[in-house]
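Just so it is clear, the values below take in all heavy atoms, side chains as well, and ignore hydrogens, waters and symmetry mates.
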Amino acid sequence: MSTETERKVGSLLGSSLGASPANGSSSTYPQESSQSSSAVKVIKPVSKEIDSAKEKLSLELKQKQDELRASNGVKEIRSFREKLPAFKAKAEFLKAVAENQVLVISGETGCGKTTQLPQYILEEEISALRGGSCSIICTQPRRISAISVAARVSSERGEPLGGSVGYQIRLESKRSALTRLLFCTTGVLLRQLVQDPNLTGVTHLLVDEIHERGMNEDFLLIILRDLLPRRPDLRLILMSATINADLFSKYFGNAPTIHIPGFTFPVVDFFLEDVLEKSRYKIQPESDNMQGSSRRGRRRRDQESKKDPLTELFEDIDIDSHYRNYSASTRMSLEAWSSSQLDLGLVEASIEYICRSEGDGAILVFLTGWDEISKLLDKIKGNRLLGDQSKFLVLPLHGSMPTINQREIFDRPPPNKRKIVLATNIAESSITIDDVVYVIDCGKAKETSYDALNKLACLLPSWISKASAHQRRGRAGRVQPGVCYKLYPKVIHDAMLQYQLPEILRTPLQELCLHVKSLQLGAVGSFLAKALQPPDSLSVQNAIELLKTIGALDDTEELTPLGRHLCTLPMDPNIGKMLLIGSIFQCLGPALTIAAGLAHRDPFVLPIDRKHEADAAKRSFAGDSCSDHIALVKAFQGYKEAKRTRSDRSFCWDNFLSPVTLRMMEEMREQFRDLLTDIGFVDRSKTADAYDQYSHDLEMVSAVLCAGLYPKVVQCKRRGKRTAFYTKEDGKVDIHPASVNAGVHLFPLPYMVYSEKVKTTGIYVRDSTNISDYALLLFGGNLVPSQNGDGIEMLGGYLHFSASRSVLELIRKLRVELDKLLNRKIEDPTLDMSAEGKGVVSAVVELLHSY
DNA sequence: GAGCACTGC
């Protein structure tokens, strides 16, 4: 810091000291009253008028339903509905609903459970003249399914969507006062529970797809089990796609179970050994120049550190005796087969075999990721048979590839042209391609896991579960009998886990823990211990520790005022804090954009053939900011400007941006702005620019990022002509190659903040912004004087700052004033920062610019 | 030098 800066900051700070009230009791927070969160009073139908209105509605609904039933259009649909397997179980189902508070349904694909069961309840209630007072909710894990199921059900009833049947998902709903059956995402229901913990008025709740074991669904089940005794009139129906519904039944005190068989066309399975026989493909043994280390080798287990149990199981088999009925060539291939590396030649040979020897129909190949899809695509292009573009339409399908929104994935190709889709897990449940007849399954998927010991999120390829394999296989039998080629031995299939580990055991829990607090469900640890499969207490402890570090929970694990604000923001608590600080420091626009991008999805897409251009486009948005977050802000700004001139389509195309994601981000920004308004941080009467005074100030935006993302800090240490990166928890880490900071050798500033760090082939920081030590000193963690008195420490002594005594003293003073101001603002969001905090804010700005 | 997938009053 120059003496000039020191003088300026000192004088600005001096002026602010007088402006702040003498008693800035920033450390004591007002106590939360136990009633404070039930601000929304639920209006209960007590008066006679309301009762009679309901009776009238019940009559109307019944008349309308009877009329519709008699009409011709619905008659046709009715005969279709009566052919569904669910129809046979209708009477049993309705009887069980009437007699039990909780019911578990296991229904296989194609049985019609999702569209029929909620509808049966609705029809039954309307027929019994309870239509006016019933309220049926059916949750779905995904937005698309909530919409499409609601649309299907209302059309089966011959009604417009939003009548008696509606849907509600984030930022979008079609429902009315008449809606009696609502399909919503599980997340929407969880938010609803914050306002109305008793689900007042809801008569029937159906929770669909619980076998997927998503975090929201598992969380909801804990809440519901506690709620049922308080709501004896509420009926709960759990719907699972797999026969094994025991787990859920037991969890709810041995609730009765009804099984509904499914209907799909038969699918024939072939395993690796059969595929080798049929295709005559020869797997090449690992050549010695691969150093024999990382890749493979049967019975070379002792040379390798760790192998998964399924691979070990296979390697313990004596190939010649176990596969004695197979050809010598197949046995040799099985001997050479590696479970750790997918043999793309084998995939290619399988596709070729289908194209030569089998009938018409699309082929769907399940792979693990971008890299495999890309390499296989190249291989197919060079293939003599498959490379013929007049006969084959080969399409990659991956969440961050632009093809994801193209119609041709779903459309039937012209006659004599075969569609071949190379997909990730996205085609397992999110995207359905109807005309698939052949599935090729590599047996693996990239899966997130959470290493609580090292506080590290991982994303590694692993064997899928039997349930997943079944689901993938089923993709072949939607329109006619199909075939599934599994590129792994039957022995491995038989040893696969029945189900994937539930998400609650695979994910960092800070957001969930905050949610538990906001629902006033008691101590986080003991509440989550009631889960179907409770998370490791160390994971819970890590999450609580983080929430304490960022100031969302106090020492007694109670919500602080900051924590209460964060509960209202539907995003990771670090990102929520960034948004709040951004609004306080008048960087609202960028904060909204960054929050929307990080909370939803990166809008940058990666086309398979132009990834270097895509990389360059992202870097040009970042300019010399050394920030992925700034790149995001600039890209969004560019999109908004292009929209004004109606050139957004070409802008997105030219800059490798996803228009769908950007539109979603626009809507999310509005939602966030509204939420900030609700909690007082944004005043609607002020103009938009009132909160954007520093939005173009890179140093301020970086400081806001630091305030939000702390303690996710990376140290940049110069090593000769390069920079090496370190974190407290992991030691050396790498910048993710997709980051604008990848490959940059020297950085102007000594630290980075990031929002996501993940272990794949190494430990990568996915997004980063280069920040100064002043940003950290002012907006990072608590400042602790060094033991030897010559500096300041942070992050448990991991970060050390040294400077002259007078500078350190000045920073310490400024920090005290800044914390006071922030605490006052957070306790009372209506506090006028521009008046009350003028001196402190000016001093902060001055210091941040003193580089 | 590398990228599973969802989702939120």
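- Atom pair A:R506:CZ and B:dC6:C1' shows a separation of 10 Å (rounding to whole Å applied).
- We find that CZ of A:R601 is positioned 8 Å from P of B:dA5, with the value rounded to whole Å.
- When each of B:dT7, B:dA5, B:dG3 is scored by its nearest atom to the side-chain atoms of A:L606, the top-ranked nucleotide is B:dG3.
- Every residue meeting the salt bridge (Lys or Arg N to Asp or Glu O under 4.0 Å) condition with A:D434, not counting sequence neighbours, appears here in chain and number order: A:R478.
- Note: CD1 (A:I144) to P (B:dT7) measures 7 Å, nearest angstrom.
- Comparing B:dT7, B:dA5, B:dG3 against the side chain of A:R143 picks out B:dT7 as the nearest.
- Partners of A:R619 according to the salt bridge (Lys or Arg N to Asp or Glu O under 4.0 Å) rule, which considers only residues two or more places apart in sequence or in another chain, are A:D615.
- Going from atom CD1 of A:I373 over to atom CG of A:L395 covers 11.0 Å, rounded to the nearest 0.5 Å.
- Comparing A:T448 and A:L569, the nucleotide of DNA chain B nearest to each residue sits closer to the 5' end for A:T448.
- At whole-Å resolution of the value, CD in A:E447 and P in B:dG3 are 16 Å apart.
- With hydrogens and angles left out, the side chain of A:K611 and the base of B:dG1 share no donor-acceptor pair within 3.5 Å.
- Aromatic rings of A:F725 and A:Y754 (six-membered ring for Trp) have centroids beyond the 6.0 Å cut-off, not under it.
- Residues satisfying the side chain to side chain donor-acceptor pair (under 3.5 Å) criterion with A:H736, sequence neighbours excluded, are absent altogether.
- Side chain of A:R142, nearest nucleotide from B:dG3, B:dT7, B:dA5: B:dT7.
- Contacts between residues 165-173 of chain A and DNA chain B, defined by a heavy-atom separation below 4.0 Å, involve A:Q168, A:I169, A:R170, A:L171, listed by number.
- Between the CG atom of A:L460 and the C1' atom of B:dA2 there is a distance of 14 Å, rounded to whole Å.
- Atom-to-atom, CD1 of A:I426 to C1' of B:dA5 comes out at 7 Å; the value is rounded to the nearest Å.
- Atom pair A:D371:CG and B:dG1:C1' shows a separation of 11 Å (rounding to whole Å applied).
- Listed by chain and number, the residues in a side chain to side chain donor-acceptor pair (under 3.5 Å) with A:Q533 are A:R213 (sequence neighbours excluded).
- Rounded to whole angstrom, the span from the CZ atom of A:R610 across to the C1' atom of B:dA2 amounts to 20 Å.
- Listed by chain and residue number, A:K640, A:K643 satisfy the salt bridge (Lys or Arg N to Asp or Glu O under 4.0 Å) test with A:E666 (two or more places apart in sequence, or in another chain).
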